[in-house]
Protein chains: 2
Amino acid sequence: MKKKTGGSTVLDKADMRILSLLQREGRISNVTLARRVNLSPSPCLERVRRLEAAGLIQGYGARLDAAALGFGTTAFIQVTLDRTTAEVFDRFRDEVVLIPAVAECHMVAGGFDYLLKLRLADMDAYRSVLATIVDLPGVAQTHTYVVIEPIKADLGLPLGS
Amino acid sequence: MKKKTGGSTVLDKADMRILSLLQREGRISNVTLARRVNLSPSPCLERVRRLEAAGLIQGYGARLDAAALGFGTTAFIQVTLDRTTAEVFDRFRDEVVLIPAVAECHMVAGGFDYLLKLRLADMDAYRSVLATIVDLPGVAQTHTYVVIEPIKADLGLPLGS
DNA sequence: AAAAACACCGCACAATATTCCGGAGAAGGT
DNA sequence: ACCTTCTCCGGAATATTGTGCGGTGTTTTT
């Protein structure tokens with residue numbers, strides 16, 4: 001990994017492979033990782049540390065079985081606000097991120113304002129959370145899409161290598 | 001962690017805390033984890049192994065900076081199929097999961113059939129992927145919502161502890 | 001009440017991570 | 001083309017961690 005002017009970095013094949021492997025197996029030992037990228041442990045660890053320091057690796061996490069832990073239902077909610085002023089947006093954002101069931105929140109272009117991904121125990125929990133959301137400041141209308149079947153789960157970026 | 005009849009398991013406070021900690025810091029050492037749950041390393045590791053064997057922990061992964069790695073654009077695409085037969089559904093699913101840019105795919109109820117989450121480099125990549133998707137078997141129409149601003153990223157289940 | 005089962009702890013050994021050093025290769029300047 | 005400089009690589013020693021075993025206290029079963 002070479003440093004570039006301006007604090008940015010350039011990633012070579014080995015770095016990409018490290019990222020790809022760690023993305024899928026975040027807890028493999030450094031020696032195993034080094035073997036798989038055809039490096040000795042020390043430079044491999046040095047690269048990992050640099051990737052972490054550069055912020056390319058933001059952290060590590062365990063993938064949990066949502067259904068087994070009482071979050072078997074996923075739903076998407078489209079939210080439209082009643083006015084498109086900065087103040088209304090800010091207030092909505094500040095409050096929506098505090099709702100634990102809201103796993104993701106995206107501001108989108110193309111018809112409505114926000115798209116929310118919810119992780120819920122069941123439909124009862126959904127009713128309760130929806131009541132919370134429609135009461136958020138500025139919410140004009142919502143539309144819910146309940147996930148019937150998960151086809152593909154998020155397993156990270158398609159780094160290929 | 002106690003075993004229950006039927007291969008299922010019951011999770012106590014310590015297990016929930018282990019899951020919560022590992023979800024956010026998947027690479028902490030077992031001794032550190034043990035300290036934080038007020039256990040000695042050996043039973044703590046035994047619990048982790050059991051949670052892994054039970055499938056509650058499905059794996060570990062690094063969280064990468066998507067924007068820095070050339071996936072700065074996120075888009076959601078609603079897909080409606082032309083007929084709602086099992087054969088059409090199956091063919092679509094088999095092919096859509098093979099597209100690398102498709103990070104997630106959910107079958108949903110409430111207006112259209114599938115909701116896709118795409119991770120893309122830019123709008124040029126979007127055009128190319130959209131062309132691929134509309135050419136998939138059975139696709140009648142699509143509607144895209146491009147993410148302008150990410151408000152909340154998926155950081156796992158709200159286990160609280 | 002006795003016995004079994006369970007979960008915990010602490011210790012010993014193996015594996016791993018971390019840090020140091022010397023050496024090799026590439027880029028840039030003269 | 002040569003030399004300087006910089007960066008990276010590989011190996012060895014030390015510190016830390018992971019792992020398996022025996023022992024103990026507590027709870028549950030009969």
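It should be emphasised that the depicted structure is a prediction, and the values quoted were computed from it without experimental measurement. A, B, ... follow the sequence lines: proteins, then strands. Residue 1 opens every chain.
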Spacing of [X] atom [atom1] relative to [N] atom [atom2], expressed in whole Å:
X	N	atom1	atom2	value
A/N38	D/dC9	CG	P	12 Å
A/E52	C/dA17	CD	P	13 Å
B/L11	C/dA7	CG	C1'	16 Å
A/D15	D/dC9	CG	C1'	14 Å
A/E46	D/dG11	CD	C1'	15 Å
B/R47	C/dC8	CZ	C1'	9 Å
A/D12	D/dC8	CG	P	9 Å

Just checking, is any N or O donor in the side chain of B/Q141 or B/H143 under 3.5 Å from an acceptor N or O on the other one?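 Side chains of B/Q141 and B/H143: no pair found under 3.5 Å.
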Rounding to 10°, can you tell me the angle the first-five-pair axis of the helix from C/dA1-D/dT30 to C/dT30-D/dA1 makes with its last-five-pair axis?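 Answer for the end axes of this duplex: 40°.
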Six-ring centre of B/Y60, A/R27 cation under 6.0 angstrom, axis tolerance 45°: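 Judged by the rule, A/R27 and B/Y60 form a cation-pi pair.
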A/R50 side-chain N/O to D/dC8 phosphate OP1/OP2 under 4.0 Å: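 Looking at the OP1 and OP2 atoms of D/dC8, one of them is under 4.0 Å from a side-chain N or O of A/R50.
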Which other residues end up in the same hydrophobic cluster as B/L155, if Ile, Leu, Val, Met, Phe, Trp and Tyr are linked when side-chain heavy atoms come under 4.5 Å apart?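 Other cluster members: none.
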Starting from A/F112, walk the hydrophobic network (Ile, Leu, Val, Met, Phe, Trp, Tyr; side-chain heavy atoms closer than 4.5 Å) and list everyone else you reach, by chain and number.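 When side chains under 4.5 Å apart are linked, the cluster holding A/F112 also contains A/F76, A/V108, A/L115, A/Y145, A/V147, B/F76, B/V108, B/F112, B/L115, B/Y145, B/V147.
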Within the sub-3.5 Å range, which N or O atoms of nucleotides 18-22 of chain D have a protein N or O partner, and how far apart are they?
from: D/dG18; atom 1: OP1; to: B/N30; atom 2: N; distance (Å): 2.6
from: D/dG18; atom 1: OP2; to: B/N30; atom 2: N; distance (Å): 3.1
from: D/dG18; atom 1: OP2; to: B/V31; atom 2: N; distance (Å): 3.0
from: D/dT19; atom 1: OP1; to: B/R49; atom 2: NH2; distance (Å): 3.2
from: D/dT19; atom 1: OP2; to: B/R49; atom 2: NH2; distance (Å): 2.7

Would one find more than 12 heavy atoms of other residues, nucleotides or ligands at under 6.0 Å from atom CZ of A/R93?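 Atom CZ in A/R93 is packed in, count exceeds 12.
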Salt bridge (Lys or Arg N to Asp or Glu O under 4.0 Å) partners of B/R83, counting only residues at least two apart: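 Partners of B/R83 under the salt bridge (Lys or Arg N to Asp or Glu O under 4.0 Å) test: none.
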I'd like to check the salt bridge (Lys or Arg N to Asp or Glu O under 4.0 Å) partners of A/D122; sequence neighbours left out, ordered by chain and number.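 So A/D122 forms no salt bridge (Lys or Arg N to Asp or Glu O under 4.0 Å) with any residue.
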Show your reasoning for whether side chain to side chain contact (heavy atoms under 4.5 Å, CB included) applies to A/T80 and A/Y114. CA-CA 7 Å; A/T80 306; A/Y114 291 96; over 6 Å; no
Look only at the side chain of B/K152 and the backbone of A/V97, and say whether a donor-acceptor pair between them is shorter than 3.5 Å.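 Present.
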